[in-house]
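A note on names: the letters A, B, ... follow the listed sequences, proteins ahead of strands, and every chain is numbered from 1.
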Amino acid sequence: MAVIDLANPTRFLAVVNRVLPWLMAATILAFAFGLARVMYAPDDYQQGATVKIMFLHVPAAWLGMMGWGVMTVAALGTLVWRHPLADVAGKAAAPIGAAFTFICLVTGSLWGRPMWGTYWVWDARLTSVLVLFLLYLGVLALYWTAEDPGRGSRAAAILALVGAVNIPIIKFSVEWWNTLHQPASIIRSGGSAIDPSILMPLLIMAGAFTLLFFTLHLAAMRNEILRRRVRSMRLMQASRA
Amino acid sequence: MQLTAENLACSRGGREVFAGVNFSMPGGEALVVTGRNGAGKSSLLRMLAGLISISAGRLALTGAENDATLAEQSHYLGHQDAVKPSLSVSENLRFWAEFLGGRDAIGAALEAVDLVPLADLPAAYLSAGQRRRLSIARLVAVQRPVWLLDEPTSALDVPSQKRLAELMRGHLVGGGMIVAAAHGPIGLERARELKLGPA
Amino acid sequence: MSAFTALLARDMRIAIRVGGGALMGALFFLIVVTMMPFAIGPDLALLARIGPAILWLGALLASLLALDRLFATDHDDGSLDLLMMGRMPLELAIAAKGIAHWLTTGLPLVLITPVLGLMLNVELGAMGWVSLTLLAGTPALTFIGLIGAALSVALRRGGLLLAVLVLPLTIPVLIFGVAAANAAIVGPAPFGPPFTILCALSLASFVLGPIAAAAALRHGLE
């Protein structure tokens, strides 16, 4: 078992070690470029400079959702193809996805303060993100509780798939719930058409965030592989003594 | 030091497990409790350890510390190892040594059960026999006159059984006493036998 | 190190290690509080008014459900036998386990309360008062819960039995906890009397909880 386990990840580690510095450099460049564009983006005539939180908030929301997408693909890899790297990929994606979702919640809350006059509003979109965050925490708790990484990752893969099926249903019901008792205090943000002077920096920032996601993801996968090696070496040490 | 049981009886849930058990042993001696399954070997040991109450009869330890009960002067090695998987080997042992009021004999105790190379590993990585040895290390780390051992050799390989036998002999030479429940020989030459249940 | 601090340190260490349940209670608390608006509706004014009650109910459920395995793990691996044989009275051993449990499960509940209060639109100043009442009251929940944890181990049943046994016993804590929080936020009743009674409940259960739990373990595990 050990040989099959190590063969593929070893090649993977070599690739990661070669790719990671370039990816890191690309991330830094993309952020430098994106942030510069954000600096020169015009302020909103209503919201002033606070609109710039959007350049963090919106990409974080996208990446939070993409994290679950990565986990879903990894879950299929774990359960269907039993690829040894798949559960590593899934496990590494969970905390990163959760972190982006958390950033989305915090920036949304900070953005909401000047807009709504309160840090939190049970608005359909914000609430959906919160539920996504809770689902992430559930997956993390599962990894945290399972002592045997193999069993933990299969359980988490099932949870990731269940979540992938459920997230649209949850989103739909949250929206339905919210329109059912729509509070008067919510002011809808943003017009229907986004000006290119805002759209371009937003897209660049989204690209930078995506690069950041994959940099972190690859590094986390490498760490997880090494962690598992440490574990199996210690197990061997225990069985030899 | 003298451990005496007079007419000891045990009933569990209305069923009599054993009755009329008598023995008296001085320090430096070992008593091996035998009998078929369900004869009450484990119950007798748990009774000595104060974990189940005495249904009838009398049990006394004289000549040792007078203000401590028999349970407080005993080590009990039951079927379970009382090992926490998330703590390291040495953390597990250090906890029990501190809880039971032991000195800093942890290194020597790990040495005695040959677990020094694994001291920093999480106990989750240990095999059943290694966990058993970690549990036995407790007896070495903290001084107690009475050892109550429930099938101490289970899960142990032959070298570990020999090492345990040496530890037991050392304990007896030091004036301690051992009551062990066992199906087979436990490696002590001069041990009295107490057979429970119908012959 | 004395036996008491050794046991306290061990339980805390296990709780924060991999597989320990230290943050699970806080997570449960977060989820329960998040569920409430889905049932009640997103009306911020209403949520702000009943926020303290929601937080107290969430903390109550979280601290009780987290107690489920407190003695069960020690029972399953044989540690409980040794704890009962030790020279330290079982009552003290249970108190040490209770304190460790409160520090790793109860205290995090108090600490995340302000964040949850934000979501329920409870004002920041009011949040301080709610946190204070939880700080004073959650020890009572843990130490009353110890009794249920001990009984459920003795009866070899887990989970809901504990909640069924213990929830009625926590009614006074809930009453005075929410009363103190509401008195501090909206008045007009003074904050002092209910808060003092809340502290008294915590202190009393700190003494009585371990005694009752020890009795339950001694008689139940024969």
Chain C shares the most heavy-atom pairs under 4.5 Å, among Leu87(B), Asn92(B), Val83(B), with Leu87(B)
Around atom CD of Glu111(B), are there more than 12 heavy atoms from other residues, nucleotides or ligands closer than 6.0 Å? no
If you count every heavy atom of other residues, nucleotides or ligands that lies below 6.0 Å from Phe176(C) atom CZ, does the total exceed 12? no
[atom2] on [Y] to [atom1] on [X], rounded to 0.5 Å:
X         : Y         : atom1 : atom2 : answer
Ser53(B)  : Arg218(C) : OG    : CZ    : 12.5 Å
Arg144(B) : Met85(C)  : CZ    : CE    : 8.0 Å
Thr5(C)   : Glu98(B)  : OG1   : CD    : 7.0 Å
Asp81(C)  : Leu77(B)  : CG    : CG    : 11.0 Å

With a 4.5 angstrom heavy-atom cut-off, is it the side chain or the backbone of Leu80(C) that approaches chain B, or both, or neither? neither
Select one option (side chain, backbone, both, neither) describing which atoms of Met88(C) are under 4.5 Å from chain B's heavy atoms. side chain
Check whether any side-chain N or O of Gln80(B) sits under 3.5 Å from a backbone N or O of Asp76(C) as a donor-acceptor pair, and report yes or no. yes
Closer than 3.5 angstrom, by distance alone: can the side chain of Arg10(C) be matched with the main-chain N or O of Phe95(B) as a donor-acceptor pair? no
Measure Ser74(B) against the heavy atoms of chain C and call it side chain, backbone, both or neither at under 4.5 Å. both
Applying a strict 4.5 Å limit to non-hydrogen atoms, the region of Arg94(B) in contact with chain C is neither
Report the option among Leu82(C), Leu83(C), Asp74(C) that has the most heavy-atom pairs separated by less than 4.5 Å from atoms of chain B. Leu82(C)
Heavy-atom pair of closest approach, residues Gly86(C) and Phe99(B): CA-CE2, 4.0 Å
